[in-house]
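To keep things clear, I will list the structure first and then write my remarks on it.
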Amino acid sequence: MRTAWLVTLGALLSACIALPAVGQSAPPPPTDAAAPAPDPADARWGTVRQGRLPNGVRYVIVPRRSEDSGIGLYMRIEGGFIAEQRPGERGLAHLIEHLVFTSPTTGSPDDLYHFRHIGVPMSYPAPTAGTTTWDHSDYFMSTRTRDPQDIDTLLGLFREAVSDLTLRADAVDLERAEVVREMADKRPGNDIHADYIAAVAPGSPNDVMDAQNSDDVPTASIDTIRALYHRLYRPEHTMIVLVGDVDADRIEQLVERHFARWTGMGAAAPLPPPPTIQADRVQPVSHSASGKRAIAMMTMATPTPPTPRDPMAYARQRLMDAVVIQAVNTRLAAAFPGASPGAAGMHIEQGELGQRLIMLWNGVTDGNWRPVIGAIKQLTCSLSRSGFTAAEWQAARAAVLETLRRDRDAMFAVTNIDIARQFGAAATMGAPVIPPDARHALAEQWLPMIDHRAGHIWWRDQWNPRREHIRVESAALPAGDVDANAMIRAAPDASPATPGCAVRG
């Protein structure tokens with residue numbers, strides 16, 4: 001089964017004209033203006049085709065013209081650390097990710113590094129890129145050309161990776177040592193992050209799972225590794241994304257040829273449901289004195305909301321987030337005029353770590369974290385009470401539109417694999433795939449109808465003072481001392497700029 005969504009500016013504009021305005025009336029439609037001439041840039045994006053094979057394999061094909069001479073090929077396998085549910089499996093999802101690039105396959109049982117031997121001549125850079133997170137593993141590569149025979153070969157290579165690894169003992173032993181070394185290098189930073197997540201998002205996936213734990217990697221048997229491989233690498237867990245100047249019909253035929261007859265090993269079993277944040281356990285403050293970084297931040301974590309399936313609803317949701325971020329960043333810049341670019345800002349995680357997380361931050365020096373916390377706390381209190389001004393909201397809308405315009409115009413130079421990774425992540429979450437041209441067109445039509453009062457409603461809905469969290473990381477704090485938390489709680493109350501804006505107990 002497949003569906004095709006042809007993104008055209010006319011379709012988007014006609015759809016968003018009917019949107020209800022928030023806070024003001026929609027402008028009247030023009031009556032005598034001539035239709036604008038089509039922009040040649042619009043032709044860079046073809047029909048975005050999304051489909052699902054009868055066995056459950058999903059695919060997204062994004063035809064586009066760009067400076068990239070090849071194609072971007074991306075594959076996502078749902079599962080990740082959340083699937084390590086049985087004794088002796090800690091770290092094995094990550095180990096399997098490594099083995100994709102090392103293990104022989106049933107069709108080439110004597111070829112150690114089979115993926116690299118076949119993929120390298122046709123790809124750039126060498127196809128050794130993969131990652132594993134709490135809920136998925138993904139693989140991505142960029143080809144040198146758009147030759148259909150090369151694409152056919154590489155899709156076949158991906159097909160072997162998901163079903164035909166032999167997990168030969170020498171390949172497994174090579175990667176055991178590499179995974180253990182990699183995790184040892186990352187552990188100090190991961191421990192700090194785990195401590196933070198336990199305070200701000202208790203019960204979320206990265207809190208209840210030790211995602212970087214590789215304790216079972218050195219000793220797990222081949223049978224244990226193979227059992228997890230076959231539980232995870234199944235058709236219904238697989239997403240293929242291909243982006244480039246290609247014939248979508250031809251690519252769809254190749255995907256079907258390689259993946260349609262694939263059946264998983266054994267009976268299908270649903271992945272464990274993701275744990276969710278326990279809001280009543282969110283702590284008011286936390287700290288780290290490790291000296292790894294110096295930062296003060298306020299955060300708000302909530303369970304990941306459902307992703308809108310409707311393209312208009314999804315795009316509007318992201319546009320509102322973008323305008324709020326821009327408006328808050330302007331206030332942060334005013335609050336910290338001496339901050340270097342990127343030292344202060346607002347960021348929203350959209351569920352990547354298992355929760356929606358809103359973060360406001362500023363870098364600190366060892367002695368100034370108290371006024372920084374006071375200023376950020378005052379900012380969040382002010383927004384909760386009175387929201388944004390009409391002037392700053394208008395400036396934020398203009399800045400977002402300009403950013404989207406630049407993104408649209410610069411998209412010709414963005415690599416196909418970067419597009420494939422972005423669209424693959426969105427499609428896996430159930431989000432619609434919206435090319436930048438269409439995103440900019442919707443923003444131009446819809447954002448002028450959304451005034452500063454809508455921003456205040458957004459803030460009141462998203463930011464709950466009873467769940468906010470203050471985090472300070474500074475070597476000036478006493479390491480491991482509960483008194484550090486008391487110092488952080490007292491900092492905003494001691495500031496004359498924050499009367500009546502206390503940190504919750």
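Because only heavy atoms are used, hydrogens play no part in the values below, and waters and symmetry mates are left out as well, while side chains stay in. Starting from 1, each residue takes its place in the sequence as its number.
Pairs of residues two or more places apart, or lying in two chains, that qualify as salt bridge (Lys or Arg N to Asp or Glu O under 4.0 Å) and include a residue from residues 465-479 are D195-R471, R293-E473, K377-E468, R471-E473. Within the structure, salt bridge (Lys or Arg N to Asp or Glu O under 4.0 Å) pairs that include any residue of residues 329-354 comprise R331-E392 (at least two apart or interchain). Sorted by first and then second residue, the salt bridge (Lys or Arg N to Asp or Glu O under 4.0 Å) pairs with a member in residues 273-282 form an empty list; sequence neighbours excluded.
Scanning for side chain to side chain contact (heavy atoms under 4.5 Å, CB included) contacts around A327 gives F388, A396, with sequence neighbours left out. Applying the salt bridge (charged side-chain N to carboxylate O under 4.0 Å, His left out) rule to R181 yields the partners E178, D185; only residues at least two apart in sequence or on another chain are considered. With sequence neighbours excluded, the residues satisfying salt bridge (charged side-chain N to carboxylate O under 4.0 Å, His left out) with R58 are E78. R460 is linked by a salt bridge (charged side-chain N to carboxylate O under 4.0 Å, His left out) to nothing, counting only residues two or more places apart in sequence or in another chain. Residues satisfying the ring-ring contact (aromatic ring centres under 6.0 Å, His included) test with W361, not counting sequence neighbours, are none. With sequence neighbours excluded, the residues satisfying side chain to side chain contact (heavy atoms under 4.5 Å, CB included) with T131 are D138, F140. The side chain to side chain contact (heavy atoms under 4.5 Å, CB included) search around T403 returns R406, D407, not counting sequence neighbours. The side chain to side chain contact (heavy atoms under 4.5 Å, CB included) test applied to T307 returns Y314, M429, A431, not counting sequence neighbours. Residues that satisfy the salt bridge (charged side-chain N to carboxylate O under 4.0 Å, His left out) test with D135, not counting sequence neighbours, are absent from this structure.
The closest side-chain donor-acceptor pair between E97 and T132 falls under 3.5 angstrom. D321 and Q350 are linked by a side-chain donor-acceptor pair at a separation below 3.5 angstrom, with hydrogens and angles left out of the test.
The CZ atom of R439 sits 11.5 Å away from the CZ atom of R408 when rounded to the nearest 0.5 Å. In this structure, L447 CG and L319 CG are separated by 5.0 Å, a value rounded to the nearest 0.5 Å. Note: T133 OG1 to F81 CZ = 7.0 Å, rounded to the nearest 0.5 Å. The distance from the CD1 atom of I82 to the CG atom of N206 is 10.5 Å, given to the nearest 0.5 Å. Here the CG-CE distance, from L404 to M411, works out to 9.5 Å after rounding to the nearest 0.5 Å. Rounding to the nearest 0.5 Å places CG of D418 at 11.5 Å from CZ of F423.
When side chains are defined from C-beta on, I450 does not count as touching V323, because their heavy atoms never get closer than 4.5 Å. The shortest distance between side-chain heavy atoms of I419 and V414 falls below 4.5 Å.
Contact between V200 and T299 at its shortest, heavy atoms only, is CG2-OG1, 2.9 Å. Taking every heavy atom of both residues into account, A491 and I373 meet most closely at CB-CG2, 4.4 Å. Taking all atoms of both residues into account, the shortest heavy-atom contact from S69 to R144 is OG-O, 3.1 Å. When all heavy atoms of N416 and G70 are compared, the closest pair comes out as ND2-O, 2.8 Å. When all heavy atoms of T276 and P303 are compared, the pair lying nearest together is OG1-CB, 3.5 Å. Scanning both residues, A375 and F336, for their nearest heavy atoms gives CB-CZ, 3.7 Å.
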ask   = Which is it for H452 and T389 under the side chain to side chain contact (heavy atoms under 4.5 Å, CB included) test, yes or no, and what are the steps along the way?
value = CA-CA 6 Å; H452 66 288; T389 68; 6.0 Å; no
query = side chain to side chain contact (heavy atoms under 4.5 Å, CB included) between V328 and L379: does it pass, once the steps are laid out?
reply = CA-CA 9 Å; V328 172; L379 189 155; 4.3 Å; yes
task = Just do the side chain to side chain contact (heavy atoms under 4.5 Å, CB included) check on M297 and I376 with the steps written out, would you?
result = CA-CA 8 Å; M297 50 190 173; I376 297 178; 5.8 Å; no
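In the displayed structure, E182 atom CD is contacted under 6.0 Å by more than 12 heavy atoms of other residues, nucleotides or ligands.
Ring to ring, H94 and H98 are close: their centroids are under 6.0 angstrom apart.
The side-chain contact (heavy atoms from CB on, under 4.5 Å) test with I197 singles out one residue from S204, P202, P205, and that residue is S204.
Aromatic ring orientation, W463 versus W459: parallel (interplanar angle below 30°, classes split at 30° and 60°).
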